[in-house]
Amino acid sequence: MSHPSHPLRGVLLMLAAVFFFALLDATSKTLAATYPIPFLAWARYLVHCLLMLVFLGPRLGRGLVSTRRPGLQILRALLLVGVTACMMAALRNMPLAETTAVVFITPLLVAILAGPWLKEKIGLNRWLAVGVGFIGVLFIARPGGDLNLEGIAWALACAGCYTVYQLLTRQLSPTENTLTMLFYTALVGTLTMTLAAPWFGAVPAIQGWDWALLCAMGLFGGSGHFLLIAAFRHAPASTLSPFLYVQLLWATLLGWIVFGHLPDGLTTAGMAVIAGSGLWLALAQRRESRRG
């Protein structure tokens, strides 16, 4: 079923979605200082899953789990669990803005791997954007810098999982219902982390506002993905992709307000290079789609 095009509405929904993702990361970083990462991932997916069951279950019923390709759905969901856990581990060791910037090499990796994976044509623009983007990562993770190497490794692992997750999303999208795809991520994430519960380690007693923050993670994550889906119903990907990089601004602002951290000059330059290369790639692909 086709949807009417409302580009401005799509852009506003996209801006709201990336704001929720930045809130999710800031909340995760706050809680990761106290609680084990696997426990936080479990709480994030449990709340997300319950919200979908309550608000969509009565209307969609079995449609929530009806899929032609269950194996790929489960694999895609497991990759998002990896994204969540690696991102939380990176945030425990690195500032919010820098972590977000490193993970934002994902669109560049997707652009390159879409060639052999999805049989898309890889032009010069893609290769140049990827090369410039990795120079930006080197600015952030430079030798002698203040950033934790373990945190950088977790952020790169997050980007790797997120890349394959996005490629599987592209592969499944033509034939699968988007809400079903969203529910599989919540359901598989909840079941996986529940099975992993014996290996969580000691979980400290949950104090005061931490209960609200644990619930907020699921709310922020679920709302962000829901708004993202809604954005793509109102505007094409070529229009929306450049606005993904607004999340870097949200992350920098929240990192300053919540954690009192601002990136130094070279790190800011690296973030700008990554964002610039991603925007260049998005705009180039937009021109290609218009010509096509």
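Note that the numbering runs from 1 along the sequence shown for the chain. The structure presented is a predicted model; accordingly, all values stated were derived computationally and were not measured.
Checked options Y165, Y45, F21; the residue passing with H225 is F21 (criterion: ring-ring contact (aromatic ring centres under 6.0 Å, His included)). Checking T194, T84, T192 one by one against W42, the side chain to side chain donor-acceptor pair (under 3.5 Å) holds for a single residue, T194. A side chain to side chain donor-acceptor pair (under 3.5 Å) with E176 holds for exactly one of Q171, R76, Q73; it is Q73. Considering D25, V47, L24 as possible partners of F220, the one that fulfils the side-chain contact (heavy atoms from CB on, under 4.5 Å) test is L24.
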Expected list for residues 198-215: side-chain donor-acceptor pairs under 3.5 angstrom, two or more places apart:
unit_1: Q207; atom_1: NE2; unit_2: A205; atom_2: O; d: 3.4
unit_1: D210; atom_1: OD2; unit_2: Y35; atom_2: OH; d: 2.6

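For the atom pair CE (M217) and OG1 (T30), the distance works out to 10.5 Å, reported to the nearest 0.5 Å. Within the model, atoms CD1 of I274 and CG of L279 stand 12.0 Å from one another, a figure rounded to the nearest 0.5 Å. Atom-to-atom distance recorded for L172:CG and L167:CG is 11.0 Å, nearest 0.5 angstrom. Residue D264 holds its CG atom at 4.5 Å from CZ of R142, rounded to the nearest 0.5 Å. Atoms CH2 and CZ, on W250 and F20 in that order, are 11.0 Å from each other to the nearest 0.5 Å. Atom CD1 of I152 sits about 8.5 Å away from atom CD1 of I140, to the nearest 0.5 Å.
By the criterion of side-chain heavy atoms lying less than 4.5 angstrom apart, applied directly or through intervening Ile, Leu, Val, Met, Phe, Trp or Tyr residues, L156 is grouped together with V83 in one hydrophobic cluster. In the hydrophobic clustering of ILVMFWY residues, with side-chain heavy atoms under 4.5 Å counting as a link, L266 and I135 come out apart. Residue M87 is not grouped with residue W154 when hydrophobic side chains (ILVMFWY) are merged at heavy-atom distances under 4.5 angstrom, including chains of intermediate members.
Proximity of L147 to P95: side-chain heavy atoms (C-beta onward) are separated by under 4.5 Å at one or more points. You'll find the side chain of F19 stays beyond 4.5 Å of the side chain of L15, heavy atoms only. Annotation: side chain of M193 is in contact with side chain of V81 (closest heavy-atom distance under 4.5 Å).
Around the CZ atom of F259, the shell of radius 6.0 Å holds more than 12 heavy atoms that belong to other residues, nucleotides or ligands. By the neighbour-count criterion of 12 heavy atoms within 6.0 Å, atom OH of Y245 is densely surrounded, having more than that number from other residues, nucleotides or ligands. Other residues, nucleotides and ligands place more than 12 heavy atoms under 6.0 Å from the CH2 atom of W280. Around atom CG of L128, more than 12 heavy atoms belonging to other residues, nucleotides or ligands sit under 6.0 Å away.
Connectivity analysis of hydrophobic side chains (ILVMFWY, heavy atoms under 4.5 Å, direct or indirect) links Y184 to M52, L53, L56, L60, L64, V65, I74, L78, L179, L182, F183, L187, V188, L191, F226, I229.
Residues passing the side chain to side chain donor-acceptor pair (under 3.5 Å) test with T185, sequence neighbours excluded: none.
Of all heavy-atom pairs between V102 and A159, the closest is O-CB, 4.4 Å.
Here the side chain of T180 pairs a donor or acceptor atom with the backbone of G63 at under 3.5 angstrom.
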